[in-house]
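Side chains included, hydrogens not; waters and symmetry mates left out as well; all remaining heavy atoms used. Because the structure is a prediction, the values reported are computed rather than measured.
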Amino acid sequence: MKWDMPVRPIESGPLTDQEVEELNAFWLAEDGLENAMDVSTFDGFICAVLSAPNTIMPSEWMRWVWDQKEGEQSPEFASEKQAKRILSLLIGHANVLAFTLTHGPQHYEPLFYVRKVEGSTVSIVDEWCCGYVKGIALDPLGWQPLIDARPEWFEVIHLYGTRSGWDRLKELVEAHEDANARHQAFVDLIAPAARNIHAYWLARRAPAGDTVRGLRRPIHKAPIPGRNDPCPCGSGKKFKHCHGASEILN
C-alpha cells in the first residue's frame with residue numbers, strides 16, 4: 001500500500017459530521033468488512049497508537065483498523081478514488097489527533113458516541129475504550145511499566161474496554177444509587193487519563209519523533225495556545241474553531 005497519496009490537510013481540523021458518517025458507512029457496510037472498527041473505536045485505537053512508548057508504523061496499525069480481531073482481512077474498495085478518500089480521512093484524523101495531543105492537549109476530547117436516556121445525554125464509551133486497549137495490545141511489553149507505575153490512569157479504560165472490566169463495572173454502577181451519575185464520573189476520567197498518558201511517553205520518546213503518515217517528524221515542545229489564540233497549524237483560524245474543537249458523535 002502506497003502512502004504518497006493526498007492526505008486530508010491538517011488545516012481542515014477535526015473530521016466533520018459528514019466525514020464521520022462517511023467513514024462509518026464504509027466500515028459498517030453489510031457487504032463489507034466483518035470485523036472493522038467504527039469511528040469511535042478507531043479514535044481510541046489511534047489515540048493509544050500515537051501515545052505509545054514506541055513508534056508504530058501505519059503498515060502495522062492499519063491492518064487492525066480493517067480487522068480488529070485478527071488483523072488479516074483487507075478492504076475491497078470500489079475504486080481507486082474511494083481508496084484514496086477513505087485512507088485520506090483515516091490518516092487525516094490521525095494527524096489532527098497527533099497535533100492536538102502534542103500542541104494543545106488540554107483541548108483534547110475523545111470521540112464518544114452519545115444517546116438520550118430519559119431526557120439526558122449519556123456518553124457511550126465502550127467502543128473508544130476497546131479501541132484504546134487494542135492499541136496498547138500492539139506493544140504490551142512497552143506499555144507495561146507505565147501501567148504498573150500509574151494504574152489509575154488505565155483503570156476506567158480497562159473497566160469499559162475489557163471483558164473482565166465489564167463484570168466489575170456492572171457491580172460498581174449498579175451498586176450506586178445514581179447509576180447515571182456514577183457512569184458520568186467514570187467518563188470524566190477518561191480524557192484526563194489519555195492526556196496524561198500521551199504526555200508521559202511524549203516526554204520520554206526519542207527526539208527522532210513519532211510517525212503518523214510513516215514519516216519521521218521531530219517532536220518539540222511548543223507554547224500551548226489559548227482558546228482564542230491563532231491555531232499554530234497556520235490555518236488563520238482561532239484554536240477553538242480549528243484543532244481545539246471537540247468532536248462528538250450524535
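Taking the side chain as every heavy atom from C-beta outward, Val125 and Phe186 never approach each other to under 4.5 Å. Taking the side chain as every heavy atom from C-beta outward, Thr100 and Pro105 never approach each other to under 4.5 Å. Within the 4.5 Å cutoff, the side chain of Ile124 has no heavy atoms near those of the Phe112 side chain. In this structure, the side chains of Asn196 and Arg150 stay at 4.5 Å or more apart for every pair of heavy atoms. Side-chain atoms of Ile147 and Ile136, non-hydrogen and from C-beta on, do get closer than 4.5 Å to each other. Phe77 is listed as a side-chain neighbour of Gln82, based on a closest heavy-atom distance under 4.5 Å. Using a 4.5 Å heavy-atom cutoff, the side chains of Tyr200 and Ser51 are not in contact. Met62 has its side chain out of reach of Met57: every pair of non-hydrogen atoms, C-beta onward, lies at least 4.5 Å apart.
In this pair, Trp143 and Tyr132 present their aromatic rings perpendicular. The plane angle is above 60°, beyond the 30 to 60° band. Between His158 and Phe154, the two ring planes are parallel [angle under 30°; tilted spans 30° to 60°].
Electrostatic pairing of Arg195 and Glu109 counts as a salt bridge here, judged by a charged N lying under 4.0 Å from a carboxylate O. Under a 4.0 Å N-O distance rule, the pair Lys69/Glu34 does not qualify as a salt bridge.
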field: side-chain contact (heavy atoms from CB on, under 4.5 Å) between Glu21 and Asn24, intermediate numbers included
entry: CA-CA 5 Å; Glu21 292 174 2; Asn24 260 342; 5.8 Å; no

- request: Might you work through the side-chain contact (heavy atoms from CB on, under 4.5 Å) test for Val122 and Val114, ending with a clear yes or no?
  value: CA-CA 5 Å; Val122 178; Val114 296; over 6 Å; no

task: Verify side-chain contact (heavy atoms from CB on, under 4.5 Å) between Tyr113 and Asp126, making sure each step is shown before the conclusion.
output: CA-CA 9 Å; Tyr113 290 111; Asp126 304 62; over 6 Å; no

task: Test side-chain contact (heavy atoms from CB on, under 4.5 Å) on Glu70 and Asn35 and set out the steps.
output: CA-CA 9 Å; Glu70 304 293 338; Asn35 299 308; 5.8 Å; no

task: Could you please spell out the steps behind the ring-ring contact (aromatic ring centres under 6.0 Å, His included) verdict for Tyr160 and His183?
output: CA-CA 10 Å; Tyr160 285 90; His183 168 72; 5.5 Å; yes

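Considering every non-hydrogen atom in both Leu50 and Ala98, the closest pair reads CD1-N, 3.7 Å. Leu97 approaches Tyr108 most closely through the heavy-atom pair CD1-CE1, 3.3 Å. Across all non-hydrogen atoms, the minimal contact from Glu19 to Pro14 is OE1-O, 4.4 Å. The two atoms that bring Ala48 and Gly135 nearest to each other are CB-CA, 3.8 Å, heavy atoms only. Among all heavy-atom pairs drawn from Ser123 and Val187, the shortest one is CB-CG1, 4.0 Å.
To the nearest 0.5 Å, atoms CD1 (Ile157) and CG (Leu189) are separated by 10.0 Å. Annotation: the span from Gln68 atom CD to Trp27 atom CH2 amounts to 10.0 Å, rounded to 0.5 Å. Distance CG/Leu89 to CZ/Phe42: 10.0 Å, rounded to 0.5 Å. Rounding to the nearest 0.5 angstrom, the gap separating the OG atom in Ser79 from the CZ atom in Arg85 is 12.0 Å. The CH2 atom of Trp64 lies 4.0 Å from the NZ atom of Lys134; values are rounded to the nearest 0.5 Å. Rounded to the nearest 0.5 angstrom, Glu155 CD and Ile190 CD1 are separated by 11.5 Å.
For the residue pair Thr41 and Asp38, a side-chain donor N or O sits within less than 3.5 Å of a side-chain acceptor on the partner. Looking at Asp139 and Asn54, their side chains do bring a donor and an acceptor atom within 3.5 Å of each other.
Follow the hydrophobic side-chain contacts under 4.5 Å out from Trp128 and you never reach Trp166; the two are in separate clusters.
Side chain of Asp43 to backbone of Pro110: no donor-acceptor contact under 3.5 angstrom is found.
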